[in-house]
Protein chains: 2
Amino acid sequence: MTERVTLSQIAKQCGANKSTVSRVLNNRCDASFSVQPQLRDKILRVARQMRYRPNLHAQTLARRQTRLIAVPRLVPSGDSEHVPGIYDAVTSHLVPYFREHGFEVCSTYYDPQHDKTLLPPWGVDGLVVMHRSPSHLIDELEEAAMPYVCVNCPTGPAGHSIQVDDTGGAELALGHLLALGHRRIAYRRFRTHLPPLHSSMIARHDSYLQFLSDHGLKPVKPHDGPWDEPELYLRKIIKAGATAVLAYDHVEAIRLLKASQKAAVRFPQDLSLVCFNDEFPCSMVMPSLTSVALPTAEMGKHAAQILIEQLNGQLTGESPLEYVLPETLVVRQSTVSCTM
Amino acid sequence: MTERVTLSQIAKQCGANKSTVSRVLNNRCDASFSVQPQLRDKILRVARQMRYRPNLHAQTLARRQTRLIAVPRLVPSGDSEHVPGIYDAVTSHLVPYFREHGFEVCSTYYDPQHDKTLLPPWGVDGLVVMHRSPSHLIDELEEAAMPYVCVNCPTGPAGHSIQVDDTGGAELALGHLLALGHRRIAYRRFRTHLPPLHSSMIARHDSYLQFLSDHGLKPVKPHDGPWDEPELYLRKIIKAGATAVLAYDHVEAIRLLKASQKAAVRFPQDLSLVCFNDEFPCSMVMPSLTSVALPTAEMGKHAAQILIEQLNGQLTGESPLEYVLPETLVVRQSTVSCTM
DNA sequence: TGTAACTTAGCAACCGGTTGCTAAAGGGTT
DNA sequence: AACCCTTTAGCAACCGGTTGCTAAGTTACA
């Protein structure tokens, strides 16, 4: 770390004591402290001249609070292509809100392979967790009494969380298809053989089954079990009479789009397509994708709000908050009336 | 900040002095210090039992170094859709490398609207800058003698940097088109009326002009000046006889793809398409995009390497390093032989 | 037995701020 | 002039570690 201007240096310059300088710069003019305008101005001037920037480590040590929020980010393992989820969207809404309230935000990097904690080695006042994390890591947060809020991922027993209503989103999407006359609706699951990485993998699939059952429809196979390559999957569901597909996310949807040529399926004429996650490039592909938008702005804002309240001690004693935010449907070109 | 176990508490538990505990936990057994195995083990055991985690702020203060690297990230302004560049790809390669060398990495958020510095308010040992930043911010880094390395963006007079060879990349792309028989090659500029946000906007365009000129070809208008909507742009270049397009980035390319229907152009039959940035979803759109891949892994690794060497004082006195890394061409479906 | 040399561990200052408490200076009143 | 109150500002301890130096205890050797 490069050497910086310190309080004492400023104090010496001004012929004052560093405690005075500290109080002036922090505007600590309570009943027990005051300065003459003359000295005050001099201190402020000198500090600006010397480009004084307080050492946050020292401040943290003395104040016992950092006003720093960590947002752990998953380090992508291996050389897999970076596929964007909603992390960035939510984070970008989180940051300004925290800043308005005097908190800084930093992303830390959590590598499931190596890291044994979500907590950064430097102190923070709180965390916003956006990835499903091993429960012992969440437990650790609670043991350490570290304020945190989970966004779109499972929380611990005492943790507040922001969830999205995937069931409602699925209903919007499926209702839309139903209204367009579709009766044979398939579900395209997430691209992995691994056990569910995220609760949405279960929620979206379950909601699919529930909705169909509620409306007297039968699921189109395959909707679970082993993962088929896109082309094979399309052939299977077409054979099974599907006229529409609900995809786990935009990436799956885009892969289906791509496989359509080989599988001799035309979107949307032969098959309508809806997906979760209205993120790039949903609006830019051809046909543009009808998709369920997660309320990323709201998620970010509420998460920040809850965490700030926690930090201000306004949420003690209450039972954990769980906000469930609605999703919305953005209709585009990939869904059309059923012609079958 | 929640209260944590401190050195002194451990020391008291062990009936030892905190300095001894500190040295044991940090394995400081130089010539001037040693402990009996018995005490050593006890300290280690108690520390583990009490789940001791050193306070990094205190350590930083005492050691005068943080072993923390900041990677500023642009806060997207307004509600614009998050469009991924290569930031994430590079960062994900940066992190493991730094960690292997004992450094932690955090992303900080830089908001051009409000922030007057790239430096986070807490101390860091160095920065990896990946966004074109106002030059006075870079100057500030140099004045503060803060080690930094710029990746794919302009650096200050004394700053090391990692650049990519956009000219080479353009030559690969254009050479590929040339080999396929294309002679009327258009260039699709970045989607903004603003002055160049990034040097690549100039470099790629210039390289385009240079290559054509070198090979006795004429640019297809419009390749600069006001930005046209994708559809209008396509109509214009088709009218001008274009058989291929080089796009500034994958987002532009995808937008062109989308506009093709309205503009009555077929990719790749009527128009071949190459773009810079081989990122999601280049391989997943239809037709998949022939694209120039930036060496994100290499960029991350070299950036980390240079910064670590700087931090170790191995790079003093030398003139600034500038690594220029080659780009590679990934040929996919969007480019075919010219049939005109 | 005295002493040099080595091992083991503690003292205390320091990193750069913050803050409770106290002291000095200034002003007003009796 | 003595006294009290208020304003102004400094002293010093503290936050939780790190580290140079020193002290106590052991062993080795003359």
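Chain naming here is simple, since letters A, B, ... match the order of the sequence lines and numbering starts at 1 in each.
- Between B:R51 and A:E143, at least one side-chain N (NZ, or NE/NH1/NH2) sits under 4.0 Å from a carboxylate O, which counts as a salt bridge.
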Please set out all donor-acceptor pairs under 3.5 angstrom arising from side-chain atoms of residues 146-162 of chain B, sequence neighbours excluded.
unit_1 : atom_1 : unit_2 : atom_2 : d
B:Y148 : OH     : B:E142 : OE2    : 2.5
B:Y148 : OH     : B:T155 : OG1    : 3.2
B:Y148 : OH     : B:G156 : N      : 3.1
B:T155 : OG1    : B:G159 : O      : 3.4
B:H160 : ND1    : B:L321 : N      : 2.8
B:S161 : OG     : B:Q163 : NE2    : 3.2

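- None of B:L119, B:L137, B:V75 except one satisfies the side chain to side chain contact (heavy atoms under 4.5 Å, CB included) rule with B:Y110; the exception is B:L137.
- Considering only residues two or more places apart in sequence or on other chains, B:A11 meets the side chain to side chain contact (heavy atoms under 4.5 Å, CB included) condition with B:K18, B:V21.
- Legend: residues meeting side chain to side chain contact (heavy atoms under 4.5 Å, CB included) with A:Q13, ordered by chain and number and at least two apart, are A:V46, A:M50.
- Residue B:Q36 contributes atom CD, which lies 8 Å from atom C1' of C:dT7 at whole-angstrom precision.
- Inspection of the A:T60 and A:Q65 side chains reveals no N or O donor paired with an N or O acceptor under 3.5 Å.
- Atom pair A:R40:CZ and D:dT7:P shows a separation of 17 Å (rounding to whole Å applied).
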- Reading nucleotides 10-19 of chain D 5' to 3', which nucleotides get B (base under 4.0 Å from a protein heavy atom), which S (sugar-phosphate only), which -? BBB--BBBBB

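- Axis angle across the helix from C:dT1-D:dA30 to C:dT30-D:dA1, with five pairs used at each end and values rounded to 10°: 70°.
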Per-pair distances, 0.1 Å, donor-acceptor, side chain in residues 98-107 of chain A, under 3.5 Å, sequence neighbours excluded:
unit_1 : atom_1 : unit_2 : atom_2 : d
A:R99  : NH1    : B:D115 : OD1    : 3.0
A:R99  : NH1    : B:D115 : OD2    : 2.8
A:R99  : NH2    : B:Y109 : O      : 2.2
A:R99  : NH2    : B:D115 : OD2    : 3.4
A:H101 : ND1    : A:Y97  : O      : 3.1
A:S107 : OG     : A:Y87  : OH     : 3.4
A:S107 : OG     : B:Y109 : OH     : 2.5

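- Taking 4.0 Å as the cut-off between side-chain N and carboxylate O, B:R73 and A:D88 count as a salt-bridged pair.
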